[in-house]
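Here's the structure, in structure tokens; my notes come after.
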Amino acid sequence: MPDWLEFARNVSLERLMQDLRVITQWERLSGSAEERRAFEYIQRELASAGLRTQVLEHDALISLPRNAALHVHGPESADIPCITHSFSAATGPQGLEAQAIYLADEAAGLAPHDRDVRGRIAVVDGLAMPEQVAQLQAAGAAGAVFLNRDPLVHEMIVSTVWGSPTPDRLAQLPAIPVVSAAGTAAERLRAALRAERPLRIRMATEVETGWRRLPLLVADVAGALEDTYVLVAGHVDSWYVGAMDNGGANAAMMEIGRLMAHARPYRGLRLAFWSGHSHGRYAGSAWYADNFWEDLAHRCAVHLYVDSIGGRGASVLAGGYCMPETRAIGAAVVRRIARQQFRGTRVGRTGDQSFLGIGIPSLFMTLSEHPPFGPEASRDFALTGSNSGGLGWWWHTPQDLMDKVDPHNLLRDAQIYAAATYWLCTAPVLPLDYAAVARDVTAKLRELQARLNGRFDLSACLAQARALLVATRALQLRATRDHGLRPRGAERINRALMALGRVLIPVLYTRAGRFDHDPATTIPVLPPLVEAEQLAAAPEGSPEARALTIAATRGRNLLLQALRTAREIAEEAAG
């Protein structure tokens with residue numbers, strides 16, 4: 001039996017449920033007094049378990065939705081119950097009235113060229129997603145109404161700005177009001193719009209957006225032989241009492257901390273509990289990344305994120321976030337504990353993934369989800385094309401109560417996180433597979449080169465990716481052959497593995513680079529070559545194609561340099 005599996009079996013369901021009951025006493029809005037009580041409880045418990053704890057304080061721009069109203073004029077005149085969202089623009093008491101335009105299920109490509117949304121209130125099926133709000137605003141919509149398909153309306157945050165804004169990002173905050181409705185009233189509005197009868201809508205929103213002082217808790221277990229650490233993180237703030245999101249995750253992190261305090265790991269463990277996730281677009285983790293950049297860059301080996309685990313009916317564990325270098329870890333622990341095949345999903349721009357620019361490998365975010373269209377599934381998730389029923393119809397609603405957490409599922413998910421944490425903290429050589437990264441990049445470059453059909457040359461990048469694959473395989477062989485490495489030899493390989501992440505991850509997962517944060521929008525595959533992708537569809541010889549070629553050339557240079565540097569790091573460490 002692997003040591004990590006034996007360690008995971010020590011997770012106590014009784015302690016998990018006790019911590020969950022305590023945390024869900026409080027509605028934990030970011031920066032609120034009740035949230036601070038939850039932070040105080042978590043700190044007290046971890047300190048008594050022997051962890052070194054510290055509460056940090058920082059300012060953050062936080063947005064708390066207060067009140068909203070939606071009225072339909074005309075033959076179908078009615079008041080429709082609704083809510084507004086974090087960072088929606090506030091209308092003031094006078095509200096906003098305009099003609100409605102129905103975009104139906106066009107959420108994947110809002111405001112198409114043949115639909116004029118200027119000056120109108122756009123009505124869209126599905127969740128109020130920030131990227132869609134930004135598209136509507138850019139197209140000139142006066143406001144937006146989202147019609148959820150689940151029985152209850154979901155609280156959302158509609159800003160794409162990651163963390164608290166810098167001066168240039170203030171202008172990127174939403175400037176239009178946004179509301180969401182659900183249930184029978186929403187269905188009546190949907191039916192009226194489908195009948196293509198002209199409708200005028202009046203909407204009013206009240207949103208409290210301003211700077212607040214937030215807590216941030218870190219708790220450490222020191223490593224015995226290496227001054228690096230594994231970061232296990234999750235948010236404490238919540239919508240309502242948030243039993244599943246995120247009380248169960250907080251309880252799992254506390255239990256991992258208690259057990260690891262007695263483990264004397266090879267490298268350290270750092271638990272981080274954020275505020276500002278739900279109401280500040282990951283303000284806590286973004287602040288920590290900015291203000292502890294040096295420490296994270298030189299000492300953080302891997303990031304495990306814990307969010308919304310243990311849900312009732314959450315039986316699918318195949319698609320959690322991972323990178324090629326961390327996929328094998330996730331697959332092993334999920335297979336042994338949950339008896340499922342973990343395929344993993346490419347790390348995206350959500351869930352406090354504030355450390356991609358620094359170059360820290362990541363594993364997991366949400367772990368267990370519902371089968372599509374299962375009895376407890378969210379229809380709003382199932383119809384997004386994600387092939388998942390999401391986190392339950394109660395996600396981000398007042399119904400996220402204790403009864404939405406299945407104790408068996410919570411124990412299972414906590415054991416998976418405990419196993420992965422123990423493995424990463426105790427393995428003398430970090431179990432990170434950069435040969436898998438090289439294979440993945442090579443395959444993506446080949447696909448893109450084929451689509452370009454001779455219009456742009458990626459052969460130099462392909463050659464470097466293949467050379468990186470050879471070098472990383474040699475590094476793996478060295479680590480396997482020298483499994484009994486003395487601490488100095490293991491540390492040398494680990495530093496090389498961490499250096500590979502610092503070079504490759506910012507290029508493969510960001511556009512902003514190492515010292516900034518990308519918006520909360522879709523991360524393209526091979527970000528430096530976005531313009532090369534667009535070039536494949538641009539008319540040959542057009543001004544657009546010429547401009548795209550310039551940008552693609554610069555992106556190719558960036559990727560080529562990263563692959564070359566990574567190859568040199570791997571070759572030196574393997575030699």
Side-chain angles (χ1 to χ4, degrees), residues 4 226 228-233 267 296-297 299-305 319-335 342-348 351 353 355-365 367 416-417 419-421 423-445 464-480 490-510 514 523 525-527 559 562-563 565-574:
W4 48 260
E226 190 173 285
T228 56
Y229 59 84
V230 174
L231 176 65
V232 178
R267 63 187 55 81
L296 288 159
R299 298 184 58 220
C300 185
V302 183
H303 171 219
L304 297 177
Y305 193 66
Y321 271 6
C322 69
M323 295 176 173
E325 58 265 50
T326 60
R327 183 180 289 114
I329 304 165
V333 296
V334 169
R335 182 176 64 252
F342 177 80
R343 296 186 304 274
T345 301
R346 175 179 163 83
V347 169
Q353 294 289 338
F355 311 104
L356 300 176
I358 299 175
I360 299 172
S362 186
L363 176 63
F364 299 147
M365 185 194 60
L367 175 63
I416 288 170
Y417 274 100
T421 300
W423 186 355
L424 286 162
C425 286
T426 59
V429 173
L430 286 164
L432 299 174
D433 183 3
Y434 279 98
V437 178
R439 283 193 297 272
D440 185 65
V441 172
T442 300
K444 288 171 179 172
L445 284 169
Q464 283 298 330
R466 294 188 187 105
L468 176 62
L469 178 57
V470 172
T472 49
R473 282 174 172 165
L475 180 58
Q476 280 185 322
L477 182 61
R478 167 74 184 271
T480 304
E491 183 178 3
R492 180 170 176 263
I493 290 179
N494 290 335
R495 285 295 173 189
L497 291 168
M498 290 173 64
L500 287 171
R502 297 329 186 238
V503 169
L504 293 170
I505 293 170
V507 173
L508 297 177
Y509 291 90
T510 82
R514 299 201 71 195
I523 300 176
V525 175
L526 297 179
L559 180 59
L563 294 171
T565 302
R567 173 183 59 78
E568 291 169 351
I569 291 168
E571 286 175 345
E572 182 179 356

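- The closest side-chain heavy-atom distance from Val347 to Tyr509 is below 4.5 Å.
- Rounded to the nearest 0.5 Å, atoms CD1 (Ile360) and CD1 (Ile505) are 8.0 Å apart.
- Residue Arg502 holds its CZ atom at 8.0 Å from CG of Leu296, rounded to the nearest 0.5 Å.
- Contact check for Leu468 versus Leu504: side-chain heavy atoms found under the 4.5 Å cut-off.
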Practice task
Check the pair Thr565, Ile569 against side chain to side chain contact (heavy atoms under 4.5 Å, CB included), reporting the backbone distance first and the verdict last.
Solution key: CA-CA 6 Å; Thr565 302; Ile569 291 168; 4.2 Å; yes
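- Interatomic distance, Arg267 CZ to Cys300 SG, rounded to the nearest 0.5 Å: 11.0 Å.
- You'll find the side chain of Met323 stays beyond 4.5 Å of the side chain of Val302, heavy atoms only.
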Problem - Verdict with reasoning, Leu559 to Leu508, per side chain to side chain contact (heavy atoms under 4.5 Å, CB included) - result: CA-CA 8 Å; Leu559 180 59; Leu508 297 177; 4.2 Å; yes
Exercise for the section: Applying side chain to side chain contact (heavy atoms under 4.5 Å, CB included), run through Thr228 and Glu491 and close with a yes or a no. Expected result: CA-CA 10 Å; Thr228 56; Glu491 183 178 3; over 6 Å; no
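- Note that CG of Leu445 is 5.5 Å distant from CG of Leu526, once rounded to the nearest 0.5 Å.
- The shortest side-chain heavy-atom distance between Gln353 and His303 falls under the 4.5 Å cut-off.
- Atom CZ of Arg346 is surrounded by more than 12 heavy atoms from other residues, nucleotides or ligands within 6.0 Å.
- The CD1 atom of Ile329 sits 4.5 Å away from atom CG of Leu424, with the distance rounded to the nearest 0.5 Å.
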Exercise for the section: Please assess Val441 against Leu563 for the test side chain to side chain contact (heavy atoms under 4.5 Å, CB included), listing each intermediate value before the final yes or no. Expected result: CA-CA 10 Å; Val441 172; Leu563 294 171; 4.3 Å; yes
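- Here the CD-CG distance, from Glu568 to Leu500, works out to 11.5 Å after rounding to the nearest 0.5 Å.
- With sequence neighbours excluded, the residues forming a ring pair (Phe, Tyr, Trp, His ring centres under 6.0 Å) with Phe364 are Phe342, Tyr417, listed by chain and number.
- The backbone N or O of Arg343 lies less than 3.5 Å from a partner atom in the side chain of Arg327, making a donor-acceptor pair.
- Pro428 and Asn494 make their closest contact through O-ND2, 2.7 Å (heavy atoms, listed as atom of the first residue, atom of the second, distance).
- Between Arg492 and Ala573 the shortest heavy-atom distance is NH1-O, 3.4 Å.
- Pairing each heavy atom of Trp423 with each of Pro431, the nearest pair is NE1-CG, 3.7 Å.
- The two residues Pro506 and Gly359 come nearest to each other via the heavy atoms CD-CA, 3.8 Å.
- The minimum heavy-atom distance between Ala574 and Ala471, with the atom names listed, is CB-O, 4.4 Å.
- Nearest heavy atom pair, residue Val429 against residue Ala490, reads CG2-CB, 4.2 Å.
- Looking only at distances, no side-chain donor or acceptor of Thr510 sits under 3.5 Å from a matching main-chain atom of Val507.
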